[in-house]
Structures are given as C-alpha cells and as structure tokens.
Amino acid sequence: MRTRFKAAIASVAILIGLPASASADLYKGPGFSGSLWVAQGGGQVQEIGTVHAGQGGFLLNMEIQGQSISTLMKWDSDLVWSVIHGQRMYMEIPPEQSGWEPYEARACSGYSDGEKLGDESLNGRATEKWRCTGQTAVPEGEEPADAVVWYDPELEMGIKTVEDNGNSFEVRDIAVGNPDASLFEVPAGYQKLDMNALMMQMQQQQ
C-alpha cells in the first residue's frame, strides 16, 4: 500500500502542484470532476477513483488495495490531507514529503522548462500537448522524471501526464462545474494520525 499511496500523491504533484502560502482565489478555473486513471512503470492503466477541483480546493478519492482513501488540499494551506475513511482517520502531509509546489496556471507547473508540441483533442476536450523537463516538484524518496502533459486551457489544469518512467495520471469523463466546498474538508469526527508513525508501522508489516 505504501508504494501505491506515494505514487498516487506523486502523480497529483505533477498534475497541479501545491499552493504554498497561496490565496483562496489562485485557481480561477470553472472547476470540474472526473474519473481518475493511473499506471505505474508502464503497466496497465487502471481506474482507481475520482478527481474534483474547484474554488475550494482539490480532492482525489481512491480505492487502493481495498481501502477507501481521499487526498485533499485547500488553496489557502501548504498541507496535504490523506483521509482513510474505513478507519475514520486522517494524516497531515507537509509539502517536502508530498512534492507539491505553488499552483500555476500553466502546462508545465512543477517543471523548470516546457515546449509546446501542438494542440490535441483528448477524450473530446481541446488540450495543448507539452513536453515538460526539469522536474522541480519531486516527492520525498522519488527520482525526477520528465513528462508529456496534456493541458486543458479551459480548466486551467493538466488532465493527463505521462512520465518518462512510465507512470501516468489521467482524468477522464470530465464534468465542468465547481464542486461543493464541503468536499474539501476533512469529515467531522475523524481522528488525526501521525504519518511518520504510521509509515513505520506499515514498513514493519511488509
């Protein structure tokens, strides 16, 4: 679970970046929801959950090895929250562990350089295809990787990323619209966990 959990966070880091010390109005897009598809190391692309982005923040709902997990962030915070619904628990992940950077409305957010390869239709949406190099948003324990990104100008975010190492992240079945702000809050009554203690426990179980 630990590897897939970290890979999912890393994929999101490539897609959008974390708005450290940001204001709540940084993301000016219309918001959207869609299905979440990922692959690791060139393996089979699989649907593992849903994506929601809007004025309130960014949320992933995932099913990983039988566990229902949400990863969420808010535009006015530099933390990422990982919520484990089955156990009604959550963890706060600092940016140096998640690899997220300040949000930028550009295709190669999280990379130092980018080259536009052209315009391309992706699942019925008009996107710009970019080659992004010099990854700066590198999660703890991961290696930098260049990537190809399909950026959606209407949504002001990338909706597909394929890294040179074979990892990929894609949002499909996109419905445009600002999700309810309550989606971007940790559910009431959930207990806070220490992430480092949990990771040590998971390592001992492997």
Side-chain angles (χ1 to χ4, degrees), residues 1-27 29 31-38 40 46-103 110 137-142 157 169-175 177-206:
M1 173 180 169
R2 179 174 181 268
T3 300
R4 295 194 64 184
F5 172 69
K6 289 193 69 176
I9 295 176
S11 297
V12 181
I14 297 166
L15 176 71
I16 177 175
L18 178 72
S21 304
S23 60
D25 62 354
L26 255 181
Y27 175 67
F32 64 93
S33 298
S35 57
L36 170 63
W37 296 74
V38 300
Q40 294 187 66
Q46 301 180 40
E47 181 179 6
I48 66 167
T50 60
V51 176
H52 307 271
Q55 300 303 312
F58 189 88
L59 170 69
L60 295 173
N61 293 320
M62 298 172 285
E63 292 291 332
I64 300 179
Q65 293 188 349
Q67 292 225 47
S68 177
I69 298 175
S70 294
T71 300
L72 70 90
M73 50 78 62
K74 292 184 283 188
W75 302 118
D76 57 356
S77 175
D78 62 354
L79 295 173
V80 178
W81 288 267
S82 178
V83 184
I84 307 171
H85 295 286
Q87 300 178 37
R88 297 177 62 84
M89 298 176 177
Y90 72 95
M91 298 174 288
E92 294 181 350
I93 306 170
E96 63 270 15
Q97 293 182 351
S98 68
W100 291 33
E101 285 194 339
Y103 167 77
V138 183
E140 189 177 74
E142 303 288 336
M157 289 187 194
F169 178 100
E170 183 176 357
V171 184
R172 302 179 184 176
D173 310 311
I174 292 174
N178 192 36
D180 190 278
S182 63
L183 284 178
F184 308 110
E185 300 290 342
V186 174
Y190 279 40
Q191 180 182 359
K192 181 179 177 179
L193 283 178
D194 181 87
M195 182 179 179
N196 291 328
L198 181 61
M199 288 300 182
M200 290 180 62
Q201 180 182 351
M202 292 169 62
Q203 286 178 337
Q204 292 172 357
Q205 293 175 351
Q206 290 178 349

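All of these numbers come straight from a predicted model, not from anything done at the bench. Reckoned from all heavy atoms, side chains included, excluding hydrogens, waters and symmetry mates.
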Return the set of residues passing side chain to side chain donor-acceptor pair (under 3.5 Å) with Ser33 (not counting sequence neighbours), or none when no residue passes.
-> His52

Would you give me the side-chain donor-acceptor pairs under 3.5 Å for residues 180-190, sequence neighbours excluded?
| unit_1 | atom_1 | unit_2 | atom_2 | d |
| --- | --- | --- | --- | --- |
| Asp180 | OD1 | Ser182 | N | 2.8 |
| Asp180 | OD1 | Ser182 | OG | 2.6 |
| Glu185 | OE1 | Lys74 | NZ | 3.3 |
| Tyr190 | OH | His85 | ND1 | 3.2 |

Counting N and O atoms only, with roles assigned by atom type, does the side chain of Asn61 sit under 3.5 Å from a partner on the main chain of Ile69, one being a donor and the other an acceptor?
-> no

Output all residues satisfying side chain to side chain contact (heavy atoms under 4.5 Å, CB included) with Glu47, sequence neighbours left out; order by chain, then residue number.
-> Ser35, Trp37

So do Asn178 and Phe32 actually touch side chain to side chain, heavy atoms under 4.5 Å?
-> no

Check: Leu72 and Val80 side chains under 4.5 Å, non-hydrogen atoms | no

CG/Leu60 to OG1/Thr50 distance, rounded to the nearest 0.5 angstrom?
-> 8.0 Å

How far does CD1 of Ile48 sit from CE of Met62, to the nearest 0.5 angstrom?
-> 6.0 Å

Shortest non-hydrogen contact from Gly54 to Pro179?
-> CA-CD, 3.8 Å

Report the C-alpha distance between Val38 and Gln46 in whole Å, list the side-chain angles of each, state the deciding distance to 0.1 Å, and finish with yes or no for side chain to side chain contact (heavy atoms under 4.5 Å, CB included).
-> CA-CA 6 Å; Val38 300; Gln46 301 180 40; 5.6 Å; no

Considering all heavy atoms of both residues, which atom of Ala53 and which atom of Met157 are nearest to each other, and what is their separation?
-> CB-CE, 3.7 Å

Please assess Leu59 against Val51 for the test side chain to side chain contact (heavy atoms under 4.5 Å, CB included), listing each intermediate value before the final yes or no.
-> CA-CA 6 Å; Leu59 170 69; Val51 176; over 6 Å; no

Side chains of Lys192 and Tyr90 in contact at under 4.5 Å (non-hydrogen atoms) = yes

Distance from Phe58 atom CZ to Thr71 atom OG1, nearest 0.5 Å?
-> 9.5 Å

Would you check if the side chain of Glu92 reaches a backbone N or O of Ser82 as a donor-acceptor pair within less than 3.5 Å?
-> no

